Amino acid sequence: MCGIAGEIRFDNMEADASAVGRMADTLRPRGPDAGGAFQQGRVALAHRRLKIIDLSERAQQPMVAADLGLTLVFNGCIYNYRELRAELEGEGERFFSDGDTEVLLRAYRRWGTDCVARLHGMFAFAIWERDSGRVVMARDRFGIKPLYLSESADGKRLRFASSLPAILAAGDVDTGIDPVALEHYLMWHAVVPPPHTMLRGVRKLPPATVAVLEPDGNRRDLCYWNPPFGTDPALADTPYKERERMVQLALEKAIERRMVADVPVGVLLSGGVDSSLIVAMLARAGQDGLNTFSIGFEAANGEHGDEFRYSDLVAKEFGTRHHKIRVDDATLLARLPDAIHAMSEPMVSYDNIGFYLLSKEVSRHVKVVQSGQGADEVLAGYHWYPPLAQSRDPVADYARVFFDRDEDEYLHTVAEAYASPGASRAFIARHFARPGAVTALDKALRVDATVMLVDDPVKRVDNMTMAWGLEARVPFLDHEFVELAARLPAEDKLGDGGKGILKAIARRVLPREVIDRPKGYFPVPTLKYLAGPTLEWVRDALHSPAARERGLFRPACIERLLAAPASHITPLRGSKLWQVALLELWLQSHGV
């Protein structure tokens, strides 16, 4: 719903309100409807607002509750705010506004940091306690809403914001490349787990985390959600049809929750099972005149650039107001720099530009959309899950199917200063060794749902939609739905080529052609098989003085990739040339 920013001092100095103002200005696209600021002593807060719930000025932020001694900046949406409000009123709380922001504020007053466990939604927030001087920050279970942090070299100042470029706008940031982040980016398909970002001076709060900062700078991080992944014996003994019914009811509830808004809600319709099922369930629940949106690009190298055939089927079946956006290569190239600039972190997936251009069009019609992200990671929809079900070496097998390079190729890609691989594989080994997931499949589903998903698909959708003041909601990441999916028997997920139980539900409501077809994405073939003007643009960036001075990559590797872009494709069908070029283009775009 917006963007937040702030500065906290841990000494006797006043917070720099002008620096916070610069951060807020950078966040304006995330919250184009209104802005506000607050400064008192060592704390300064700012907010940019996208009006979705309680459109009145009473819900303006930063929200100050003088009677509680609390001030809040909040980004996101609490879907169960009405139920929480009724509970709080029953305990004596009185409200001056009608939205979810004040509910969060008073929930914190009543339940403290435990309030986050009661929240259904996506959120990142900071609360300042006037009397104690304490600041509490938190992020939702899947990190749908971002929160970047930057500490001064002397440890006496902390800044936070909803985007990394906003942190840069405040100044005084160490912009050196983080070698661990660089390895994750090049090895793990651009997934950079928290707290790392590509820049040494910027960190990010992990998802499902509450950070408590005392006035002296002492900080405690509390993880409040860590569900087990593995078959629940009670569910295994439950008849399959009953499990299917449970999944359907949980998904219907998740979709219903994400219709909470004082403005219309649309759907990003790719034509795949996941987004099509959202449309079907909304239609079955009585939603009329639903706006749906799809995008397509030019074909390249024999690969189609759109999935309109399938999205058209779904739109016709359920009578939606369907909007199709077609993008030619000239427009794609012209808008790529803007899409890259909108990224808080470098993200290589081709559908970034798809989401960016789609969101531009969608924002002309609605302020809120539902999207199908997350179903594959939660219900084993990708091709690498079935082999892992039989794995005797989960770490090696996961790395083989998901990592973009082996360690030897990494050594021949990066400059000598960064040639010490091992961080990505070690991260997977540590994560897989944690209790709470026994089988290789459950270990992979857990790391994908709680790490990979957060720092690839979820981050991508938030960045590209919020660049146009559009809020995207993801029902497949309703935490109760995910908890249920994590407890299902493996065969419920692996069956029918992946997402078996979801496809069984879909077969009752969707056209057969939408289900029984090859898996698709937002295809952008031009960025996989770089050629023509796009290739020349990439070549210029990698040969630029800035790139040469930075010296991240070995020149021989760059020339090899430039000579035959279509010959260097990752196991996940990504372009290795686009990966290195995107990083350089992102750094240049943000003046790093």
Side-chain angles (χ1 to χ4, degrees), residues 1-4 29-34 47-61 63 72 74-86 95 97-105 107 119-125 140 142 144-145 162 251-269 275 278-279 281-293 318 320-321 323 355 358-359 361-374 458 461-462 464-481:
M1 71 186 294
C2 53
I4 63 175
R30 295 182 68 95
D33 294 338
H47 183 267
R48 292 299 318 180
R49 186 180 180 197
L50 180 65
K51 294 183 178 180
I52 291 173
I53 293 177
D54 188 352
L55 311 185
S56 74
E57 295 306 303
R58 294 188 302 274
Q60 188 73 353
Q61 296 185 48
M63 182 172 281
L72 166 71
F74 158 52
N75 172 23
C77 182
I78 308 303
Y79 304 128
N80 63 329
Y81 80 95
R82 290 175 180 142
E83 295 90 334
L84 290 174
R85 176 177 176 136
F95 291 79
S97 66
D98 297 317
D100 55 346
T101 303
E102 190 185 1
V103 168
L104 175 56
L105 195 61
L119 305 179
H120 288 275
M122 52 183 184
F123 53 85
F125 66 79
D140 65 70
F142 291 98
I144 300 168
K145 289 302 169 184
S162 294
L251 182 56
E252 288 172 347
K253 182 64 175 177
I255 294 170
E256 178 190 357
R257 282 177 176 144
R258 283 152 184 81
M259 292 301 288
V260 171
D262 294 331
V263 295
V265 179
V267 178
L268 300 183
L269 177 60
S275 59
I278 294 173
V279 172
M281 288 187 170
L282 286 172
R284 286 161 61 90
Q287 286 289 328
D288 293 323
L290 185 68
N291 280 287
T292 55
F293 305 87
F318 299 104
T320 72
R321 297 173 180 169
H323 309 261
F355 277 116
L358 180 61
S359 298
E361 176 65 23
V362 173
S363 66
R364 296 172 177 168
H365 302 271
V366 295
K367 287 187 175 183
V368 186
V369 287
Q370 296 207 36
S371 179
Q373 268 62 43
V458 164
V461 173
D462 177 79
M464 298 298 103
T465 55
M466 291 304 291
W468 298 101
L470 176 68
E471 179 175 286
R473 300 175 175 180
V474 279
F476 287 101
L477 296 187
D478 181 278
H479 73 271
E480 290 184 348
F481 180 83

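Just so it is clear, the values below take in all heavy atoms, side chains as well, and ignore hydrogens, waters and symmetry mates. Computed from a predicted structure; not experimentally measured.
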Student: Would you say Gln373's side chain and Val458's backbone share a donor-acceptor pair under 3.5 angstrom?
Tutor: no
Student: Is there a side-chain contact between Arg364 and His323, using heavy atoms and a 4.5 Å cut-off?
Tutor: no
Student: Which distance, rounded to the nearest 0.5 Å, do you find between the OG1 of Thr101 and the OH of Tyr81?
Tutor: 10.0 Å
Student: Is the backbone of Ile4 close enough, under 3.5 Å, to the side chain of Asn75 for a donor and an acceptor to pair up by distance?
Tutor: no
Student: Going by heavy atoms in the side chains, are Arg321 and Thr292 under 4.5 Å from each other?
Tutor: no
Student: Set out, in order, the CA-CA distance, both residues' side-chain angles and the distance that settles ring pair (Phe, Tyr, Trp, His ring centres under 6.0 Å) for Tyr79 and His120, then state yes or no.
Tutor: CA-CA 6 Å; Tyr79 304 128; His120 288 275; 8.6 Å; no
Student: Which heavy atom in Pro32 sits nearest to a heavy atom in Leu50, and how many Å separate them?
Tutor: CD-CD1, 3.9 Å
Student: Applying the side chain to side chain contact (heavy atoms under 4.5 Å, CB included) test to Gln287, which of Val279, Leu282, Ile255, Val267 qualifies?
Tutor: Leu282
Student: With the side chain counted from C-beta on, respond yes when Asp100 and Cys77 share a heavy-atom pair under 4.5 Å apart, and no when they do not.
Tutor: yes
Student: About how many Å separate CE of Met281 and CD of Glu256, when rounded to the nearest 0.5 Å?
Tutor: 12.0 Å
Student: Hey, is the main chain of Lys51 close enough, under 3.5 Å, to the side chain of Asp33 for a donor-acceptor pair?
Tutor: yes
Student: Counting C-beta onward and ignoring hydrogens, is there a side-chain heavy-atom pair between Ser371 and Arg473 closer than 4.5 Å?
Tutor: no
Student: To the closest 0.5 Å, what do you measure between CZ (Phe318) and CG (Leu290)?
Tutor: 11.0 Å
Student: A quick test of your reading: do over 12 heavy atoms of other residues, nucleotides or ligands sit less than 6.0 Å from CZ of Arg58?
Tutor: yes
Student: Starting at CZ of Arg82, measure out to CG of Leu84 and round the result to the nearest 0.5 Å.
Tutor: 12.0 Å
Student: How long is the straight-line distance from CG of Asn291 back to CG of Leu269, given to the nearest 0.5 Å?
Tutor: 11.5 Å
Student: Looking at side-chain heavy atoms only, is the closest gap between Ile278 and Phe476 below 4.5 Å?
Tutor: yes
Student: What's the shortest heavy-atom distance between Pro475 and Ala254, and which atoms?
Tutor: O-CB, 3.4 Å
Student: Side chain to side chain contact (heavy atoms under 4.5 Å, CB included) with Ser359: which residues, sequence neighbours excluded?
Tutor: Thr465, Trp468, Leu470
Student: Do Val362 and Leu268 touch side chain to side chain, with heavy atoms closer than 4.5 Å?
Tutor: yes
Student: When you measure from the side chain of Asp262 to the backbone of Ile53, do you find a donor-acceptor pair of N or O atoms at a distance under 3.5 Å?
Tutor: no
Student: Could you grab the distance from atom CE of Met122 to atom CZ of Arg258, nearest 0.5 Å is fine?
Tutor: 8.0 Å
Student: Between Lys367 and Val263, which heavy-atom pair has the shortest distance, and what is it?
Tutor: CB-CG2, 4.3 Å
Student: Could you check if a side-chain atom of Phe95 sits within less than 4.5 angstrom of a side-chain atom of Val103, using non-hydrogen atoms only?
Tutor: yes
Student: Which heavy atom in Cys2 sits nearest to a heavy atom in His47, and how many Å separate them?
Tutor: SG-NE2, 3.0 Å
Student: Between Met63 and Ser97, what is the shortest heavy-atom contact and its length?
Tutor: CE-OG, 4.1 Å
Student: For the backbone of Phe123 and the side chain of Asp140, can you confirm whether one donor and one acceptor N or O come within less than 3.5 Å of each other?
Tutor: yes
Student: Side-chain contact test, heavy atoms from C-beta onward, threshold under 4.5 Å: evaluate it for Met259 versus Gln370 and give yes or no.
Tutor: yes
Student: Are Glu471 and Arg30 ion-paired here, with the side-chain N under 4.0 Å from a carboxylate O?
Tutor: no
Student: With a 6.0 Å cut-off on the ring centroids, do Phe293 and His365 count as close?
Tutor: yes
Student: Which atoms form the tightest heavy-atom contact between Gly3 and Ser162, and what is the distance?
Tutor: CA-OG, 3.5 Å
Student: Under a 4.0 Å threshold between the charged nitrogen and the carboxylate oxygen, would Asp478 count as salt-bridged to Arg257?
Tutor: yes
